[in-house]
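FYI, side chains are in, hydrogens and waters are out, and symmetry mates aren't considered; it's all heavy atoms of this structure. Chain A is the first sequence line, chain B the second, and so forth, proteins listed ahead of strands; every chain is numbered from 1.
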Number of protein chains: 2
Amino acid sequence: MDDDAQPRWLSEEEQLAWVGVTAMMWLLPGSLDAQLHRDSGLNLFDYFVLSSLSQAEGRQRRMSDLAAQSNASPSRLSNAVGRLEAQGWLTRHPHEQDRRSTVATLTDAGYDKVVASAPGHAAEVRRLLIDGRSEAELAALRDVGASVARAVLGERCAETVMPPAARGDAPDC
Amino acid sequence: MDDDAQPRWLSEEEQLAWVGVTAMMWLLPGSLDAQLHRDSGLNLFDYFVLSSLSQAEGRQRRMSDLAAQSNASPSRLSNAVGRLEAQGWLTRHPHEQDRRSTVATLTDAGYDKVVASAPGHAAEVRRLLIDGRSEAELAALRDVGASVARAVLGERCAETVMPPAARGDAPDC
DNA sequence: CCGATTCGTTTCAACCTTGAAGTTTTCATG
DNA sequence: CATGAAAACTTCAAGGTTGAAACGAATCGG
């Protein structure tokens with residue numbers, strides 16, 4: 001509640017941009033969730049975890065790295081990984097050097113699951129968001145996303161969520 | 001699973017744009033929720049309902065209109081309105097002409113709540129998303145949002161979620 | 001008019017997320 | 001070393017969301 005004295009309302013253009021972002025924010029997760037659930041029995045977050053592991057070296061990653069990358073709370077990640085482990089798509093074991101950490105490793109079945117799920121997911125992303133966009137629009141989405149990541153993550157640096165190529169002029173942190 | 005034979009993967013630029021959108025999608029709701037919860041004891045969806053009512057004629061609106069505007073499931077809206085009614089911020093009564101419908105009406109206390117919450121919310125939207133954006137970026141967000149709304153809502157028309165000014169070249173529906 | 005169907009909403013059970021508290025391991029310091 | 005603090009997860013309870021089923025009100029066809 002400790003705002004500045006006079007709130008700076010949004011201009012016409014700013015409001016329209018905000019409405020556009022709300023449309024993406026409200027609509028995309030639901031649709032992508034629905035597609036994955038329908039075609040693969042996964043939700044978007046679980047898919048993200050599997051996909052992230054499939055691209056990691058050795059197909060394994062520490063819980064804390066996964067959490068940072070997805071900006072998820074520890075318990076959310078713990079639950080998701082628990083679900084995926086129960087399905088046999090990954091295993092958990094303590095980290096060799098630092099036994100506080102848990103390392104999640106994708107199983108062969110988990111890798112197959114990602115491979116089977118990815119095309120449908122990519123097609124949906126394309127259909128709902130990418131197809132029909134101009135070069136300039138794609139660049140704007142990249143830059144705005146990087147800016148949002150910086151603003152939200154602040155000192156924790158956008159590195160965790162954005163790949164280097166999209167970070168733009170982020171202060172080195 | 002009934003994809004086309006060969007999946008069309010995303011190009012480099014498309015992937016970066018997608019990563020940018022995921023950053024908005026994952027990060028913004030959480031931060032906006034947190035600000036509202038901290039400063040006003042509201043979540044983003046409840047705030048949206050109150051705000052929508054405060055701008056409606058007579059400060060009242062039918063449940064089905066609210067649901068369409070926010071793309072929420074009926075039960076989600078019912079729960080939200082139930083919470084807000086329990087707080088005394090709105091009342092429910094059957095629609096005069098069509099008694100199947102329920103009309104939600106903002107109370108004076110509810111209106112005061114919106115007025116008290118709006119500046120902090122607007123400031124956060126500004127801080128995380130709007131400030132520092134160019135005219136071109138704002139326009140891109142508006143257009144992409146409109147396009148997503150069309151793609152997701154399909155035949156149901158984007159009208160429900162996007163205001164006319166942002167709908168762009170939507171087919172009349 | 002009367003039965004069948006559709007419409008708008010609510011309710012319910014299953015599931016997911018959140019934030020707080022608890023556990024185990026590691027690190028820093030006296 | 002020993003002890004306190006920090007880090008990395010897990011667990012738990014409270015609350016929110018989803019999709020299906022249920023319910024009353026309105027509409028449509030005969």
Let's see if you can work this out: which of C:dT25, C:dC7, C:dT17 has an atom nearest to the side-chain heavy atoms of B:R100?
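For the B:R100 side chain, the nearest candidate turns out to be C:dC7.
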Output the single nucleotide from C:dT26, C:dT9, C:dT18 whose closest atom is nearest the side chain of A:S73.
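The answer is C:dT18.
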Strictly below 4.0 Å: does A:R83 bring a side-chain N or O up to OP1 or OP2 of C:dT17?
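Result: yes.
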Using a cut-off of strictly less than 4.0 Å, decide whether A:S75 has a side-chain nitrogen or oxygen near OP1 or OP2 of C:dA20.
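For C:dA20, neither OP1 nor OP2 has a side-chain N or O of A:S75 closer than 4.0 Å.
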With under 30° as parallel and over 60° as perpendicular, where do the rings of B:W26 and A:F45 fit, or are they tilted in between?
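Perpendicular, since the angle between the ring planes exceeds 60°.
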Protein-nucleotide distance ([X], atom [atom1]; [N], atom [atom2]), rounded to Å:
X     : N      : atom1 : atom2 : value
A:R76 : C:dC15 : CZ    : P     : 17 Å
B:R62 : C:dG8  : CZ    : P     : 7 Å
A:N79 : C:dG19 : CG    : C1'   : 13 Å
B:L44 : C:dT18 : CG    : C1'   : 16 Å
B:H93 : C:dG8  : NE2   : P     : 19 Å
A:L84 : C:dC16 : CG    : P     : 10 Å
A:H95 : C:dC27 : NE2   : C1'   : 16 Å
B:N43 : C:dT17 : CG    : P     : 16 Å

Spacing of [X] atom [atom1] and [Y] atom [atom2] [to the nearest 0.5 Å]:
X      : Y      : atom1 : atom2 : answer
B:S134 : B:L138 : OG    : CG    : 6.5 Å
A:K113 : A:L84  : NZ    : CG    : 10.5 Å
B:L32  : A:T22  : CG    : OG1   : 10.5 Å

Ionic contact status for B:E14 with A:R133, cut-off 4.0 Å
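So A:R133 does not pair with B:E14 through a salt bridge.
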Between A:D33 and A:R38, does at least one N-O distance fall below 4.0 Å, as a salt bridge requires?
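Between A:R38 and A:D33 there is no salt bridge, as every charged N stays at least 4.0 Å from the carboxylate O atoms.
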Answer yes or no: is there a side-chain heavy-atom contact under 4.5 Å between A:Q15 and A:W9?
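No - every pair of side-chain heavy atoms lies 4.5 Å or more apart.
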From the 5' end of DNA chain D to its 3' end, which nucleotides mark the outer limits of contact with chain A, defined by a 4.0 Å heavy-atom distance cut-off (strictly under)?
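Range of nucleotides touched by chain A: D:dA7 to D:dT11.
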Pairwise 5' ranking along DNA chain D for B:D46 and A:V103, keeping only the more 5' one
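Its nearest nucleotide being more 5', the pick is A:V103.
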